[in-house]
Amino acid sequence: MTLEELEENEDEFSEEDERAIEMYRQQRLAQWQATQIKNKFGEVMEISGQDYVQEITNAGKDLWVLLHLYKQGIPLCNLINQHLAVLARKFKDMKFVKAISTTCIPNYPDKNLPTIFVYRGGEIRAQFIGPLVFGGMNLTQDELEWKLSESGAIKTDLEENPRKQIQDQLMTSIRSAVATNKNNDSDED
């Protein structure tokens, strides 16, 4: 029935019908409220050192928080910020924050950038420090999502590590090159 039909036939509903409708309405309201609580975030928030305690340490005992320490002008930091913006919209129940490294940690070395810290209940649960951990400028959004899922912070729908195939192919080519060199060395004897 449409809303107009319901209003027209309102007098014809029995008490049992009205209880059922009210119960259904309460269930839908509870579902909506649960969704609103779960989908609380959805964007990457910029913080400063003064905001750290409030936004990370006091964020809540069951809340996952990701902190990206970055610096303007470092290409990999910019790439990770782009990936995090998309992941924040995908995983709205996790708090994503970023901070210029030296505003959060004075004298933080640029060689450690980008850095991602993952917290739960104010305690650090995972850390990714420096460009090598991320695989350089070839880092994809899926690879970053996989790294975060391995820390337990998010539940990904990816079925396997997207970087795994690259590593396997690299290792296979190295092994075959080594085997070829050994065969060539034995042929020369």
Side-chain angles (χ1 to χ4, degrees), residues 31-170:
Q31 287 173 340
W32 178 80
Q33 288 171 337
T35 302
Q36 292 304 310
I37 289 169
K38 185 178 177 192
N39 295 331
K40 193 173 185 175
F41 302 106
E43 62 186 20
V44 181
M45 183 173 63
E46 181 87 32
I47 66 166
S48 66
Q50 292 90 4
D51 303 324
Y52 179 88
V53 171
Q54 177 63 32
E55 298 299 334
I56 295 170
T57 307
N58 297 338
K61 69 176 186 138
D62 292 326
L63 181 64
W64 287 94
V65 180
L66 177 144
L67 169 63
H68 176 217
L69 296 179
Y70 74 100
K71 186 173 186 179
Q72 295 291 344
I74 297 179
L76 186 54
C77 290
N78 294 337
L79 178 66
I80 288 175
N81 276 335
Q82 291 171 10
H83 291 333
L84 291 177
V86 174
L87 292 174
R89 287 190 297 273
K90 184 174 181 180
F91 300 101
K92 294 180 180 181
D93 56 337
M94 181 175 183
K95 187 179 206 177
F96 288 80
V97 296
K98 65 182 180 177
I100 295 174
S101 59
T102 53
T103 65
C104 219
I105 303 171
N107 302 316
Y108 193 75
D110 288 354
K111 69 178 181 156
N112 289 346
L113 297 177
T115 297
I116 291 180
F117 294 119
V118 180
Y119 300 85
R120 184 163 189 207
E123 294 181 21
I124 195 156
R125 298 297 175 102
Q127 55 187 359
F128 307 98
I129 300 173
L132 294 178
V133 173
F134 296 102
M137 287 301 292
N138 294 324
L139 177 73
T140 67
Q141 178 188 314
D142 284 348
E143 290 168 351
L144 184 55
E145 180 177 331
W146 186 263
K147 279 187 174 306
L148 296 177
S149 74
E150 287 182 321
S151 73
I154 58 173
K155 302 225 181 320
T156 182
D157 52 3
L158 299 172
E159 294 181 9
E160 62 180 23
N161 184 346
R163 188 170 280 280
K164 185 178 178 201
Q165 299 91 6
I166 297 167
Q167 291 170 341
D168 289 348
Q169 289 170 355
L170 178 62

Measure the shortest side-chain to side-chain distance between [X] and [Y] over non-hydrogen atoms and say whether it is less than 4.5 angstrom.
X     : Y      : result
Val97 : Asp51  : no
Gln72 : Asn78  : yes
Met94 : Val118 : yes
Tyr70 : Leu76  : no

Nearest atoms (heavy-atom pairs only) where [X] meets [Y]:
X      : Y      : answer
Ala59  : Val65  : CB-CG2, 3.7 Å
Lys98  : Asn81  : CD-OD1, 3.5 Å
Glu55  : Met45  : OE1-CE, 3.0 Å
Asp142 : Leu158 : O-CD1, 3.4 Å
Trp64  : Gly152 : CZ2-O, 3.3 Å
Val133 : Ile129 : CG2-O, 3.1 Å

- Message: Working note: Lys95 + Tyr119, criterion side chain to side chain contact (heavy atoms under 4.5 Å, CB included); need CA distance, chi angles, decisive distance, verdict.
- Response: CA-CA 10 Å; Lys95 187 179 206 177; Tyr119 300 85; over 6 Å; no
- Message: Could you walk me through whether Cys104 and Leu69 satisfy the side chain to side chain contact (heavy atoms under 4.5 Å, CB included) test, starting with their C-alpha distance in whole Å, then the side-chain angles of each, then the deciding distance to 0.1 Å, before giving a yes or no?
- Response: CA-CA 8 Å; Cys104 219; Leu69 296 179; 3.8 Å; yes
- Message: salt bridge (charged side-chain N to carboxylate O under 4.0 Å, His left out) for Asp157 and Lys90? Distances and angles first, verdict last.
- Response: CA-CA 11 Å; Asp157 52 3; Lys90 184 174 181 180; 3.3 Å; yes
- Item | Donor-acceptor pair, side chain of His68 and main chain of Val44, under 3.5 angstrom |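 It does not hold such a pair.
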- Message: Would the distance check show the side chain of Lys147 and the main-chain N or O of Phe128 forming a donor-acceptor pair, the cut-off being under 3.5 Å?
- Response: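 Not confirmed, Lys147 side chain does not pair with Phe128 backbone.
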Quick check for you: to the nearest 0.5 Å, what is the distance between [X] atom [atom1] and [Y] atom [atom2]?
X      : Y      : atom1 : atom2 : value
Phe134 : Leu113 : CZ    : CG    : 9.5 Å
Asn112 : Ile105 : CG    : CD1   : 9.0 Å
Asn161 : Trp146 : CG    : CH2   : 6.0 Å
Leu67  : Thr115 : CG    : OG1   : 9.0 Å
Leu79  : Thr140 : CG    : OG1   : 9.0 Å
Gln127 : Ser151 : CD    : OG    : 11.5 Å

- Task: Give the intermediate values and the outcome of side chain to side chain contact (heavy atoms under 4.5 Å, CB included) for residues Leu63 and Phe41.
- Result: CA-CA 11 Å; Leu63 181 64; Phe41 302 106; 3.5 Å; yes
- Query: Just wondering, are more than 12 heavy atoms of other shown residues or ligands nearer than 6.0 Å to CD in Glu150?
  - Reply: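 Yes, because the 6.0 Å sphere around CD of Glu150 holds more than 12 heavy atoms from other groups.
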- Query: Should we say atom NZ of Lys71 is surrounded by more than 12 heavy atoms from elsewhere, each under 6.0 Å from it?
  - Reply: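 No, NZ of Lys71 has 12 or fewer neighbouring heavy atoms, counting only those of other groups under 6.0 Å.
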- Message: Run Leu87 and Ile154 through side chain to side chain contact (heavy atoms under 4.5 Å, CB included) and show every step you take.
- Response: CA-CA 10 Å; Leu87 292 174; Ile154 58 173; 5.5 Å; no
